[in-house]
Amino acid sequence: QVQLVESGGGSVQGGGSLRLSCVASGGTFNYYTVAWFRQSPGKEREFVAGIRGNGAEISYIDSVEGRFTMSRDNGKNTVYLQMTRLNPEDTAVYYCAARIVPVVTAVPSSYVYWGQGTQVTVSS
């Protein structure tokens with residue numbers, strides 16, 4: 001059983017930056033594919049970025065490509081999402097999710113373990 005805890009959310013002005021962290025416990029972290037999703041009110045949960053256990057594959061949605069960078073430190077059981085040039089459309093609750101299958105997928109139901117989420121609010 002893997003537990004995921006996100007942190008690093010907050011409120012920023014447009015153009016600003018935030019770094020989200022997701023710390024895992026209860027499993028062999030480097031076996032797990034991890035993804036960041038986000039959800040804003042009235043919208044479906046949206047894939048943002050994902051990374052395989054060994055870090056060999058990283059995928060992003062088009063709207064964050066070049067602005068967000070996902071990375072992981074398996075020694076610290078932690079994944080990060082560095083977010084730059086934030087805009088109001090990035091406002092959402094951001095969730096960390098994990099799966100044992102070594103393929104990044106954008107489908108939320110493919111992930112077994114989820115964190116509680118961290119709020120990101122970007123003002124114009």
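Worth saying up front: this structure is predicted, and the values here are computed from it rather than measured.
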Worksheet item: Below 4.5 Å, heavy atoms only, C-beta onward: do Tyr32 and Tyr113 meet side chain to side chain?
Response: yes

Worksheet item: Hey, are the side chains of Val34 and Arg52 touching, using non-hydrogen atoms and a 4.5 Å cut-off?
Response: no

Does [X] reach the main-chain N or O of [Y] with its side chain, forming a donor-acceptor pair under 3.5 Å?
X: Thr105; Y: Val107; answer: yes
X: Thr84; Y: Arg67; answer: yes
X: Gln13; Y: Ser124; answer: no
X: Asn74; Y: Gly53; answer: yes
X: Glu6; Y: Thr118; answer: no

Hey, any chance [X] and [Y] share a hydrophobic cluster, counting ILVMFWY side chains that come within less than 4.5 Å of each other, even indirectly?
X: Leu81; Y: Val23; result: no
X: Ile61; Y: Val93; result: yes
X: Trp114; Y: Val79; result: yes
X: Tyr80; Y: Val104; result: no

What's the separation between atom [atom1] in [X] and atom [atom2] in [Y], rounded to the nearest 0.5 Å?
X: Tyr95; Y: Arg38; atom1: OH; atom2: CZ; answer: 13.5 Å
X: Cys96; Y: Gln116; atom1: SG; atom2: CD; answer: 9.5 Å
X: Phe47; Y: Ser110; atom1: CZ; atom2: OG; answer: 11.0 Å
X: Ser63; Y: Asp90; atom1: OG; atom2: CG; answer: 7.0 Å
X: Asn77; Y: Cys22; atom1: CG; atom2: SG; answer: 10.0 Å
X: Ile100; Y: Thr33; atom1: CD1; atom2: OG1; answer: 8.0 Å

Discussion item. Quick one about Asn87 and Arg85 (side-chain donor to acceptor, distance below 3.5 Å, no hydrogens or angles considered), yes or no?
Written reply: no

Worksheet entry | Tyr60 and Met70: CA distance, side-chain angles, deciding distance, side chain to side chain contact (heavy atoms under 4.5 Å, CB included) verdict | CA-CA 9 Å; Tyr60 302 93; Met70 187 174 183; 4.1 Å; yes

Worksheet item: At their closest point, which heavy atom of Val2 faces which heavy atom of Ala24, and how far apart are they?
Response: CG1-CB, 4.3 Å

Fill in: Shortest non-hydrogen separation from Val122 to Thr91 and the atoms involved
N-OG1, 2.9 Å

Worksheet item: Run the side chain to side chain contact (heavy atoms under 4.5 Å, CB included) check on Met83 and Trp36 step by step: do they pass?
Response: CA-CA 12 Å; Met83 305 186 295; Trp36 287 99; over 6 Å; no

Worksheet entry | side chain to side chain contact (heavy atoms under 4.5 Å, CB included) between Val120 and Leu20, worked out | CA-CA 9 Å; Val120 172; Leu20 305 184; 4.0 Å; yes

Discussion item. Would you say that more than 12 heavy atoms from the other residues, nucleotides or ligands in this model lie under 6.0 Å from the CD of Glu65, or not?
Written reply: yes

Discussion item. Let's go through Arg72 and Phe29 carefully: what are the C-alpha distance in whole Å and the side-chain angles of both, what is the deciding distance for side chain to side chain contact (heavy atoms under 4.5 Å, CB included) to 0.1 Å, and is it a yes or a no?
Written reply: CA-CA 10 Å; Arg72 66 190 297 158; Phe29 185 61; 3.4 Å; yes

Practice prompt. Can you label the angle between the Phe37 ring and the Tyr111 ring as parallel, tilted or perpendicular, going by 30° and 60°?
Written response: perpendicular

